[in-house]
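Model, not experiment: these values are computed from the prediction. Chain letters run A, B, ... following the sequence lines, proteins first and then strands; every chain starts at 1.
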Amino acid sequence: MKIVTWNVNSVRVRLPLLEELIKTENPDVILLQETKCMNDVFPREFFESYNYHLAIHGQKTYNGVAIISKYPIENIKCNLDDESVEARYIEGFTNGKYVASIYVPCGNKSPEAYEYKQKFLSQVASRWDSDDEIVLGGDFNVAMSDKDIQTPEKWVGSVLCTPEVRSEMQKVFDKSFFDVHVDQFGKNDFTWWDYRRPNEGLRIDYILVKNIAGKLETLRKYRQMERPSDHVPVMITLT
DNA sequence: ATGGTAGCCGAGCTA
């Protein structure tokens with residue numbers, strides 16, 4: 001079973017690259033972030049033509065998350081609390097596993113946004129106490145270690161790597177979620193570049209697993225293609 | 001020290 005997470009920065013613009021991903025990797029599950037469209041204009045037919053089921057949670061212009069699966073998706077839940085106005089979280093049960101597509105707020109636009117980021121991360125941590133097989137994929141907007149930053153000296157004080165957000169993210173790991181990447185690479189393998197800073201990669205996209213093992217890959221070629229996202233897909237092949 | 005790009009949508013916000 002292959003599961004991909006990808007912040008596509010507009011699902012409609014990224015359809016050619018998604019088609020390449022589906023044709024070459026044929027993933028069982030695709031977790032999308034920043035789909036940037038309402039549900040009624042989501043390119044549902046495109047995915048259905050490849051025999052996928054969909055669970056989508058859209059928003060106009062910003063955010064938006066989705067679960068795309070070869071298997072039926074049950075127990076679909078959107079948002080981590082009833083007050084959420086931003087579409088940043090969707091979970092479901094598919095092929096015997098719980099999966100979630102998560103887009104953690106960046107938190108750099110205001111002090112309130114930064115507070116919200118920390119609250120959001122703490123809600124992710126407290127969501128999962130069960131002993132089920134769980135895969136959390138998404139853009140967590142946190143670089144846990146300076147090894148996850150190509151030029152750490154240029155990112156000192158950034159909301160992507162403060163002690164506070166690293167501490168909140170650690171609370172997710174403390175719920176028995178395992179960062180497969182650290183074990184298998186342990187060195188630079190970045191997932192996001194600001195379009196304006198192409199030589200300053202960070203690893204802020206994660207696949208976190210609980211009671212599951214697998215082999216992880218960062219699909220770097222999707223950054224070299226026409227009209228790339230600012231993130232590359234991250235894929236796990238379960239073992 | 002600043003601004004640099006991309007996507008939303010059709011100016012300015014978010015990242």
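- With 3.5 Å as the limit, one finds a donor-acceptor pair spanning the side chains of A/Asn9 and A/Lys36.
- Between the side chains of A/Lys70 and A/Asn95, not a single donor N or O lies within less than 3.5 Å of an accepting N or O.
- Nucleotides B/dG4 and B/dC9 place their P atoms 24 Å apart, quoted to the nearest Å.
- Comparing the P positions of B/dG3 and B/dG7 gives a spacing of 22 Å, expressed to the nearest Å.
- Rounded to whole angstrom, the span from the CD atom of A/Glu86 across to the C1' atom of B/dA15 amounts to 12 Å.
- Here A/Arg14 reaches the OP1 or OP2 of B/dG7: one of its side-chain N or O atoms lies under 4.0 Å away.
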The test is side chain to side chain contact (heavy atoms under 4.5 Å, CB included); show your working for A/Tyr222 and A/Leu21 and say whether it passes.
CA-CA 9 Å; A/Tyr222 290 90; A/Leu21 177 75; 3.7 Å; yes
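- Distance CG (A/Asp205) to C1' (B/dA15): 13 Å, rounded to an integer number of Å.
- Comparing B/dG4, B/dA15, B/dC8 by their closest approach to the side chain of A/Arg88 singles out B/dA15.
- A distance of about 27 Å separates the C1' atoms of B/dA1 and B/dA11, rounded to the whole Å.
- Closest to the side chain of A/Tyr62, from the set B/dA15, B/dA6, B/dG12, is B/dG12.
- When distances run from any side-chain atom of A/Thr61 to the nucleotides B/dG4, B/dC9, B/dA6, the shortest one goes to B/dC9.
- For the OP1/OP2 pair of B/dG7 and a distance below 4.0 Å, the side-chain nitrogens and oxygens of A/Arg227 include at least one atom meeting the criterion.
- The side chain of A/Lys60 lies closest to B/dC9 when the candidates are B/dC9, B/dG7, B/dA15.
- Side-chain contact, A/Tyr103 with A/Glu34: a donor N or O sits under 3.5 Å from an acceptor N or O.
- Atoms CH2 (A/Trp192) and C1' (B/dA15) sit 7 Å apart, rounded to a whole Å.
- Rounded to a whole Å, the CZ atom of A/Arg223 is 15 Å from the P atom of B/dT5.
- Nearest-nucleotide assignment on DNA chain B puts the 5′-proximal partner with A/Arg197, out of A/Arg197 and A/Thr35.
- Side chain of A/Val13, nearest nucleotide from B/dT5, B/dC9, B/dG7: B/dG7.
- Counting to the nearest Å, the P atom of B/dT14 and the CG atom of A/Asn7 are 17 Å from each other.
- Comparing A/Pro228 and A/Lys109, the nucleotide of DNA chain B nearest to each residue sits closer to the 5' end for A/Pro228.
- Atom-to-atom, OH of A/Tyr222 to P of B/dA6 comes out at 20 Å; the value is rounded to the nearest Å.
- For A/Gln33 and B/dA6, the CD to P distance is 21 Å, given to the nearest whole Å.
- Between B/dA6 and B/dT2, the two P atoms lie 23 Å apart (nearest whole Å).
- A donor and an acceptor atom, one from each side chain of A/Tyr114 and A/Glu164, are located under 3.5 Å apart.
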